[in-house]
Visitor: 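Right, I'll just put the structure down here and ask away after.
Quick caveat: nothing in here was measured; it's all calculated off a predicted structure. Just follow the structure's listing: the first ligand is 1, and inside any ligand the first atom is 1.
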Amino acid sequence: MKKILSAFLIAVLLALPVFAQKGSYADMKQLQSPQNPRLGFVIHGGAGVIRKGSMTPEQEAEYRKKLEEAVTAGYKALQDGKTALDAVEIAIRILEDSPLFNAGKGAVFTADGKNELDASMMDGKTLAAGAVAGLHHVKNPITLARAVMEKSPHVMMIGDGAEKFAKEMNIELVDEKYFWTQQRWDDLQQVIKEEKEREQKKNDKPKSQNTENKPLTREEYYAGMTDAQKLPRNKFGTVGAVALDKNGNLAAGTSTGGMTYKKYGRVGDAPIIGAGTYANNNTCAVSATGWGEFFIRLGVARDISAMMEYRALPVQQAVDAEIKKVGNLGGDGGVIAIDKFGNIGISFNTDGMYRAYINSEGKPVVEIYKE
Ligand code: ASP
């Protein structure tokens, strides 16, 4: 009898933290009720080596202004009664049209000097999702991702086929030249030059030390590089948004040009549902930015949702735990998330992440560094 009693006691003690977390999570439900509809909106503009003083005050002001414009426009849409999906698309289109961000107009170049765009969107209410990859002519990839979700029976379309579908949907196509910007072109030239030097050094090494086929960690990849050399390889610039609308529906979207010097046909995490983007009304909406290969391998966005669903973790704890996993695997980047009660989670393991959200007073807050 004694044994049974002590086993029971141990079981209760072990279960306590789980119940405690569940309790506090359930308490948050009061925040979102029909009498107290809560809107929520968060965006990001990419994560990377963004240190205080690395930009001129004018450059920094430009970034801040664009982020504020996008977060305000998305939030206004929610206030006007539009859906979370509308708000996400509106804000991402603004960032795609700006040359400041690595999406749409400001997309980075591939190793063979092209711009290859990826995007995705997900509806937390229905778990419907749309994704596009390897685009060369679609001005606003996020709009095409939404069209795939809403107007096709598919989840993901790529390359020429996706562009053919864009034409059928009357979605704006542009000449490839539209995506050319001097800054991104210069970044590519610098990376090409350095990669040639690295290649040379590698060829000089004995074959036994050749690690070409092994995935590199962040430390290995950046080994020996100065900040100036790291800059063009920075993962900052991808854009994303997550929203909670007045009906309690969540949505997420992400759009990117990928990574400078990516190889032909490479697809990152941004258009992979569950890696760069995920939304589920029962948990949260997530958009990620960073070194995509790591985010795909971990299934980052879906894993955050799963931690909330299975372990009842609050959103901030879930995103922190996930970014730790990304770091442990050797990757870098960040995520934004919002839960079904409007609580926000933001986490990154880089020096900075362009980001903006609407605070509890309904005011836009823009942040760049680890503040
Ligand atoms: N995650 C994107 C990719 O790997 C890059 C980024 O976030 O800037 O394609």
Visitor: Can you name the nearest heavy-atom pair linking Ala337 to Val286, along with the distance?
Guide: CB-CG2, 4.1 Å
Visitor: Contact between Met121 and Val88 at the side-chain level, heavy atoms closer than 4.5 Å - yes or no?
Guide: yes
Visitor: Suppose I only count heavy atoms of Gly258 and a 4.0 Å limit; which atoms of ligand 1 are within that range?
Guide: 5 (C), 9 (O)
Visitor: Which is closest to atom 3 (C) of ligand 1 by heavy-atom distance: Val108, Asp269, Thr256?
Guide: Asp269
Visitor: Name the option, out of Arg266, Glu116, His44, Met353, that contains the heavy atom nearest to atom 4 (O) of ligand 1.
Guide: Arg266
Visitor: Atom 5 (C) of ligand 1: which of Gly292, Gly268, Gly290 has the nearest heavy atom?
Guide: Gly290
Visitor: May I ask you to list the atoms of ligand 1 that are less than 4.0 angstrom from any heavy atom of Thr289?
Guide: 6 (C), 7 (O), 8 (O)
Visitor: Say whether Trp291, considering both its backbone and side-chain N or O atoms, lies within less than 3.5 Å of an N or O atom on ligand 1.
Guide: no
Visitor: Pairing donors with acceptors under 3.5 angstrom, does anything connect the side chains of Thr254 and Ser120?
Guide: no
Visitor: Show the nearest heavy-atom pair for residues Ile273 and Met122, with the distance to one decimal.
Guide: CG2-SD, 3.6 Å
Visitor: Would you mind running through ligand 1 and noting each atom that sits below 4.0 Å from a heavy atom of Thr238?
Guide: 2 (C), 5 (C), 6 (C), 7 (O), 8 (O)
Visitor: How about CG on Asn328, more than 12 heavy atoms from neighbouring residues, nucleotides or ligands closer than 6.0 Å, or not?
Guide: yes
Visitor: Answer yes or no for Lys105 and Tyr178: cation-pi contact, defined as NZ/CZ to six-membered ring centre under 6.0 Å and angle to ring axis within 45°.
Guide: yes
